[in-house]
Amino acid sequence: MDDEEREEEEPEEFVQEPPKQEVKRHSDSDPEIDDDLKDAVEGVLRLKRLLSREFDDKDERAKKRAKQDMDQRSAAQDVKVSQLLNKWGLAADSLTRHVLENLTFAELQYLITSNYSPDTHNMWKSPAELLQTHTNQVRESKGPGGGPLDVVSCFKFKYKLDIMQEKLLRSLCHKDLRYVLRNYDGKRPLKEVVDEAQRMEPPEDEPSFAAAPLAPGVMSIARYCRLEIIDPLADCAAFGDANLTFAAKLAMHRKALGHVGRVIATTFEHLETLQERYKEIDETIAKLEEHFAEVYHGVDCTRIAIDPRFDGLQGSLGAVYYNYPHAGAVGGFFDGHPVVNWRHENLMRLFFRVLRSFVKPGGIVKVASNAGAVGVRFSYIIGSATQNEFDHVETMPFQQWQLHRYGRSYGDRRDVYKRPGEGEQYNAQRADSDMVYCFVYRPTGRVLPRQQIRLPPTYKTMLGCTDGALGERQGESKKKLATELFRRFTNECSGVHVG
């Protein structure tokens, strides 16, 4: 789905009867999970328990489990939160408190020392939404940025290289630069690894090294990435491809290159829904099957570890694609609003965590998104990837990608009557800001801590919300909407598409 800041016109339809399931999904209590896959799905199940706590508050076991599921906050963090709320005159603002409680101690301390204060008189956004945007922007200012970055720029940021070391890397030929990118780990002097690369002959069994070994390094690797020259023997998967046009293009591309690895094309919606939205879907599926691709419907990319169709694919994927990820629009709220934005961040965190079990070492992951997206922000993509040992190796403009010409869609019911680019501009987005964030899986072998998740607002916090769809309602009407939202969010964590 294209990740736009948007507002649905009708906020009533939050709980719908899902279409008939083509493949029975596992329940969260399903014990049939291999030990090596438990970590891949633990975050999803924990998030669902956190949402369910609001309806199990009379169950002491549920209360105890909820405390275990939440990352423990220190007393010092609570003091900082109260200090900021009192300073801003927002001690009674439950949603602003929720945003602050999701911040680290260092981020809270920065807010205090920087004298930042949200505009409490803003006509368009609440203090909580302004605060969340500000903290995201501060966090992003310390990262690599969301715009185009070549391999050397990403490498420089990862290892904190100086300008002279960057200049040295940019002077290397293709063979030497590939060697350095693969073998430098920050423990030896960079010049020592460069000298070693210059003495090394390109291995004959690795086409990426042997092709044009003396050509300019940065340009050669960039072209290699843009032409989508991937492992010809490994399987690849495309997630969230609503109308399957990207997967069809990928399958034709791989066939033209003589690849023998499978293409696994997936959609989040079920076939019946797709047939209502895309009159061409049956023809597209037939084309995919002609190219020996496998098509799976009703796939939640954060839950493939408990999807029986992915059994046996552990460690086999050489390439994974996810174009314009989005957790789904919620009527009455923009994508950046704290009531719904946590879903977009958790989508990326849980997506990259589950990929650790399915992508083989050295496999690539490419996520296309807009640098200005406010739902799935670029920092969510890059941060979630690096936390799970997927190295950020390049950010290339989407229009320079070999696979960029496909029939894009919104991925929701709007596709019935319009598609992106049909006589309109993307809201807050432009085509020249579309990027492809490229990663390589390089596991270190160490045991990672459990996946961090962005905590959802509590039911009490929702009732205290004074803007968006909740701000328009009072009394029982507001309680009903808050309950419907929680039911919807819980269903989404179970892999059920709503809306």
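Residue numbers run from 1 in the order of the sequence given. Any value given below was found using the heavy atoms of this structure, including those in side chains, with hydrogens, waters and symmetry copies removed. The model shown is predicted, which means the values in this text are computed figures rather than measured ones.
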Lys/Arg-Asp/Glu bridge criterion (N-O < 4.0 Å) met for E345, R454 = yes
List in chain and number order the residues that pass salt bridge (Lys or Arg N to Asp or Glu O under 4.0 Å) with E228, two or more places apart in sequence or in another chain; answer none if no residue qualifies.
-> K366
With sequence neighbours left out, write down each residue that passes side chain to side chain donor-acceptor pair (under 3.5 Å) with H392, or none if nothing qualifies.
-> T395
Between Q451 and Q387, is any pair of side-chain heavy atoms under 4.5 Å apart?
-> yes
F246 and ring pair (Phe, Tyr, Trp, His ring centres under 6.0 Å): which partner among F239, Y406, F398, Y322?
-> Y406
For this output row, return yes or no: ring centroids of W342 and F489 closer than 6.0 angstrom.
-> yes
N243 side chain reached by L274 side chain, heavy atoms, under 4.5 Å | no
Sequence neighbours left out, what passes salt bridge (Lys or Arg N to Asp or Glu O under 4.0 Å) with D150? Give chain and number order.
-> R170
So does D231 pair up with K360, basic N to acidic O under 4.0 Å?
-> yes
Ring pair (Phe, Tyr, Trp, His ring centres under 6.0 Å) against H337, all qualifying residues, sequence neighbours excluded | F333
Please list, chain by chain and in numerical order, all residues satisfying ring pair (Phe, Tyr, Trp, His ring centres under 6.0 Å) with F352, sequence neighbours excluded.
-> F390, F439
R139 versus N136, side-chain donor and acceptor atoms under 3.5 Å | yes
Cut-off 3.5 Å, side chains only: do S379 and E140 have a donor facing an acceptor?
-> yes
Those residues at least two apart in sequence (or on a different chain) that pass salt bridge (Lys or Arg N to Asp or Glu O under 4.0 Å) with K255 are none
With sequence neighbours left out, write down each residue that passes ring pair (Phe, Tyr, Trp, His ring centres under 6.0 Å) with Y184, or none if nothing qualifies.
-> F155, Y159
Partners meeting side chain to side chain donor-acceptor pair (under 3.5 Å) with R226 (sequence neighbours left out) = E394, Q400
Pair listing, side-chain hydrogen bond (donor to acceptor under 3.5 Å, both in side chains) test, anchored in residues 282-293, at least two apart | Q275-D282
Is the closest basic N to carboxylate O distance between R353 and E42 below 4.0 Å?
-> no
Residues passing the side chain to side chain contact (heavy atoms under 4.5 Å, CB included) test with P338, sequence neighbours excluded, are L95, V99, A128, E129, Q132
Is R178 positioned over the aromatic face of Y224, cation under 6.0 angstrom from the ring centre and no more than 45 degrees off axis?
-> yes
Assess the side chains of H98 and T461: does a donor N or O sit below 3.5 Å from an acceptor N or O?
-> no
Taking side chain to side chain donor-acceptor pair (under 3.5 Å) as the test, write out the residues that go with R182, two or more places apart.
-> E206
Please determine if R488 and E492 form a salt bridge, counting it only when a charged side-chain N lies under 4.0 Å from a carboxylate O.
-> yes
With E294, which residues qualify under salt bridge (Lys or Arg N to Asp or Glu O under 4.0 Å), at least two apart?
-> R262
Answer yes if the side chains of E389 and T444 hold a donor-acceptor pair under 3.5 Å, and no otherwise.
-> yes
